[in-house]
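Note sheet for the following structure.
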Amino acid sequence: TILSRCVCLHMSPVSDKDGIEVIKSVLSNNKNSKNIIPNDEILFETLHHAGGIIGRALELLSKKSTLSFDLAEQMANAIILNDELSLVRICGAFEKDKELMRQTLSQLSLICRDALAIRENSNILLSGQKDIAINSSKAIDRIKLINIIYCINELISCIDKYINNTLLL
């Protein structure tokens, strides 16, 4: 008689688009966050890394999102100052965390993209880090910004191929 009182519910997983929207909504309503919402690509990757579980994705974002934004800004500053030693020190944070590396590189790519947009007198920015994008647009010429974005995409491609992390760094 217990089985007669049970209901079996089959629920399909949340779509990527809906999951990203829920994550954006939660992050924008979070009073403890810096009100910096990662781009859709980072949210998509984080959602997949969390196995489609929105709560787990939010947990990952709360720990790494702020750190990846800070590291991307530090890397951009090191590039602006042509400070290789600082860049190597910053990369030490990626030694055992490929996902943090991916998020930081994606954010750095957006900063460079925004710097290019600013150089072309556009005010449509995607990184959420306007100040460093402005500084980058002033300090780095167009060709170098394009080359940096190309190199970042190559690095992300290497991460996707599960290259040895030590060799990647």
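Every value quoted in this text rests on a predicted model; they were computed, and no experiment measured them.
- No side-chain donor-acceptor contact under 3.5 Å links S122 to the backbone of I118.
- A salt bridge does not link R119 with D141: every distance from a Lys NZ or Arg NE/NH1/NH2 to an Asp or Glu carboxylate oxygen is 4.0 Å or more.
- A donor-acceptor pair under 3.5 Å is absent between the side-chain atoms of S157 and the main chain of N153, judged by distance alone.
- Of all non-hydrogen atoms in T104 and A72, the two that sit nearest each other are CG2-N, 3.5 Å.
- A133 approaches I111 most closely through the heavy-atom pair CB-O, 4.0 Å.
- Minimum heavy-atom separation, I134 to S137: O-OG, 2.7 Å.
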| task | Decide yes or no on side chain to side chain contact (heavy atoms under 4.5 Å, CB included) for M75 and C91, but give the supporting numbers first. | result | CA-CA 9 Å; M75 290 178 83; C91 289; 4.2 Å; yes

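- One side chain, Q129 or Q107, offers a donor N or O that lies under 3.5 Å from an acceptor on the other.
- A distance of 10.5 Å separates CG in L87 from CD in Q74, rounded to the nearest 0.5 Å.
- Among the candidates I23, I53, L47, V22, the single residue satisfying the side-chain contact (heavy atoms from CB on, under 4.5 Å) test with L58 is I23.
- Heavy atoms of other residues, nucleotides or ligands lying less than 6.0 angstrom from CD1 of I124 number 12 at most.
- Here the closest non-hydrogen pair linking I152 and L105 is CG2-O, 3.3 Å.
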